[in-house]
Amino acid sequence: MRIFDPHIHMTSRTTDDYERMRAAGVAAVVEPSFWLGQPRTSAASFLDYFDSLLGWEPYRAAQYGIAHHCTLALNPKEANDPRCTPVLQELPRYLEKDNVVAVGEIGYDSLTPAEDDALAAQLELAARHGLPALVHTPHRDKAAGLERTLSVLAESELPPERVVLDHLNETTVDRAADSGCWMAFSVYPDTKMDERRTVEVLRRLGLDRMLVNSAADWGRSDPLKTRRVADAMLAAGFTDDDVDRVLWRNPVEFYGQSGRLELDGREQPESFEGNSILRGAPAGR
């Protein structure tokens, strides 16, 4: 089984997670930029973070045979902080990097005017740079947030087939399907979607434009949720080809629109800028 997790925050995970993911079939990931968990104090904080998503994290993933790409953006939560918004001026040079396969996460957190402005500006950047967009639908007021998202999308130059609406659930997926955008489901242990509910949505609406992700981060989450959804699909009567379509071919098709997706593996040096994963001498020496 081959699995592509199209949304996971590996910066907040350990190398043990990479090892377990690869053993479970995960061979590719996309890591969207997101907030730190505590307030950033300047736009400069984003730049070191972006650099790590473009350099250190792909190196770390490659040690376990996993292809790593990223999406970059000013995220919705921090779009409300004037100390962070200057990063919008820095984004264009980062969006030219080979490993960036979309603009994201963008969208809504609290449905504020500042979030409106950041979403519109970054959709324009995506269109200008020929990239798709990963859109975060809010965790609260989901239906209203989706409608607001679709209104801003309708005024942008980015066509719906180049947009994925993430964090959907049963209250928003039908409207998202009607929009022509791609649909994504974050599967969590306690919140958002679980395996059973995700499989029911797939059974009801089909497999077109569907993505499944773990969105695993530093909170209670599970980087193996993609594999658990795959197993749940098989148990529910879906075929191996169905699983491959949702867990591999669909994310390849969506992010492949960037023209930058490389899944065949790249030769990796023993260290990245003088640093390696190893600490100390090998056992027995």
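Start at 1 with the first residue, then count along the sequence. All figures in this text were calculated on a predicted structure; none of them were measured in a lab. For the numbers below, each heavy atom of this structure counts, side chains included, while hydrogens, waters and symmetry mates do not.
A salt bridge is defined here as a Lys NZ or Arg NE, NH1 or NH2 lying under 4.0 Å from an Asp or Glu carboxylate O, and Arg93 with Glu90 meets this definition. Under 4.0 Å is where a charged nitrogen must lie from a carboxylate oxygen, and between Arg245 and Asp240 no such pair does. Salt-bridge check for Asp242 with Arg249: failed, with every basic side-chain N at 4.0 Å or more from each acidic carboxylate O. The pair Glu147-Arg175 meets the salt-bridge criterion, with a side-chain N (NZ, NE, NH1 or NH2) lying under 4.0 Å from an Asp/Glu carboxylate O. Salt-bridge annotation for Arg148 and Asp116: present, with a side-chain N of the basic residue lying under 4.0 Å from a carboxylate O of the acidic one. Under a 4.0 Å N-O distance rule, the pair Arg20/Asp17 qualifies as a salt bridge. A salt bridge does not link Asp81 to Arg40: none of the charged nitrogens lies less than 4.0 Å from a carboxylate oxygen. Between Arg197 and Glu200, no side-chain nitrogen of the basic residue sits less than 4.0 Å from a carboxylate oxygen of the acidic one, so the salt-bridge criterion is not met.
Under the 30°/60° scheme for interplanar angles, the aromatic rings of Phe34 and Tyr49 are found to be tilted.
Atom CD of Gln122 sits about 8.5 Å away from atom CG of Leu95, to the nearest 0.5 Å. Taken from CG in Asp222 to CG in Asp194, the straight-line distance is 12.5 Å, to the nearest 0.5 Å. Between the CG atom in Asp109 and the OG1 atom in Thr137 there is a gap of 11.0 Å [rounded to 0.5 Å]. Here CD of Glu105 is found 3.5 Å from NE2 of His7. Values are rounded to the nearest 0.5 Å. Distance check, rounded to the nearest 0.5 Å: OG of Ser179 to CG of Asp174 gives 11.0 Å.
Val201 and Tyr188 fall into different hydrophobic clusters, where Ile, Leu, Val, Met, Phe, Trp and Tyr are joined by side-chain heavy atoms under 4.5 Å apart, directly or via other members. Residues Leu36 and Leu88 fall into different hydrophobic clusters, defined by Ile, Leu, Val, Met, Phe, Trp and Tyr side chains chained together at heavy-atom separations under 4.5 Å.
The backbone N or O of Arg60 lies less than 3.5 Å from no partner atom in the side chain of Tyr18, so there is not a single donor-acceptor pair. Judged by distance alone, the side chain of Glu161 and the main-chain N or O of Trp182 form no donor-acceptor pair under 3.5 Å. Arg13 places a side-chain N or O within 3.5 Å of a backbone atom of Asp217 that can act as its donor or acceptor partner. No donor-acceptor distance shorter than 3.5 angstrom exists from the side chain of Glu115 to the backbone of Tyr108, with no hydrogens or angles considered. At least one donor-acceptor pair under 3.5 Å links the side chain of Ser221 to the backbone N or O of Gly219. A distance-only check finds a donor-acceptor pair linking the side chain of Arg227 to the backbone of Ala24 [under 3.5 Å]. Not one N or O on the side chain of Arg2 forms a donor-acceptor pair closer than 3.5 Å with the backbone of Asp244. Ser33 places a side-chain N or O within 3.5 Å of a backbone atom of Ala73 that can act as its donor or acceptor partner. In terms of modelled atom types and a separation under 3.5 Å, the side chain of Thr71 and the main chain of Gly104 share a donor-acceptor contact.
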Steps toward side-chain hydrogen bond (donor to acceptor under 3.5 Å, both in side chains) verdict (Thr15, Gln63): CA-CA 9 Å; Thr15 52; Gln63 309 310 302; over 6 Å; no
Practice problem: For the pair Val199 and Phe238, evaluate side chain to side chain contact (heavy atoms under 4.5 Å, CB included) and give the outcome as yes or no after the intermediate values. | Solution: CA-CA 9 Å; Val199 168; Phe238 285 95; 3.9 Å; yes
- Message: Show, in sequence, the C-alpha distance, side-chain angles and deciding distance for Asn80 and Thr85, and conclude whether the side chain to side chain contact (heavy atoms under 4.5 Å, CB included) test is met.
- Response: CA-CA 8 Å; Asn80 296 293; Thr85 52; over 6 Å; no
Practice item. Test Val187 against Thr226 for side chain to side chain contact (heavy atoms under 4.5 Å, CB included), laying out the working first. Key: CA-CA 8 Å; Val187 183; Thr226 48; over 6 Å; no
Chi angles and distances behind the side-chain hydrogen bond (donor to acceptor under 3.5 Å, both in side chains) call for Glu78, Asn75 = CA-CA 6 Å; Glu78 290 174 317; Asn75 68 80; 2.5 Å; yes
Exercise. Given the rule in the side chain to side chain contact (heavy atoms under 4.5 Å, CB included) test, do His68 and Val30 qualify, once you have shown the distances and angles that lead to the verdict?
Worked result: CA-CA 6 Å; His68 182 288; Val30 165; over 6 Å; no
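When all heavy atoms of Leu111 and Pro138 are compared, the closest pair comes out as CD2-CG, 4.2 Å. Contact between Arg83 and Pro39 at its shortest, heavy atoms only, is NH2-CB, 3.7 Å. Between Val100 and Tyr94 the shortest heavy-atom distance is CG2-O, 3.5 Å. Of all heavy-atom pairs spanning Leu158 and Leu131, the tightest one is CD1-O, 3.7 Å.
Exactly one residue among Asn213, Asn169, Thr198 makes a side-chain hydrogen bond (donor to acceptor under 3.5 Å, both in side chains) with Ser186. That residue is Asn213.
The neighbour count for Lys142 NZ, taken as heavy atoms of other residues, nucleotides or ligands under 6.0 Å away, is above 12. Atom CD of Glu96 is surrounded by more than 12 heavy atoms from other residues, nucleotides or ligands within 6.0 Å.
With contacts defined as side-chain heavy-atom distances shorter than 4.5 Å, the pair Ser110/Arg140 qualifies. Side-chain contact between Asp5 and Pro223: absent, with no pair of heavy atoms (C-beta onward) separated by less than 4.5 Å.
Under the ring-ring contact (aromatic ring centres under 6.0 Å, His included) criterion, His139 pairs with His136, His167, not counting sequence neighbours.
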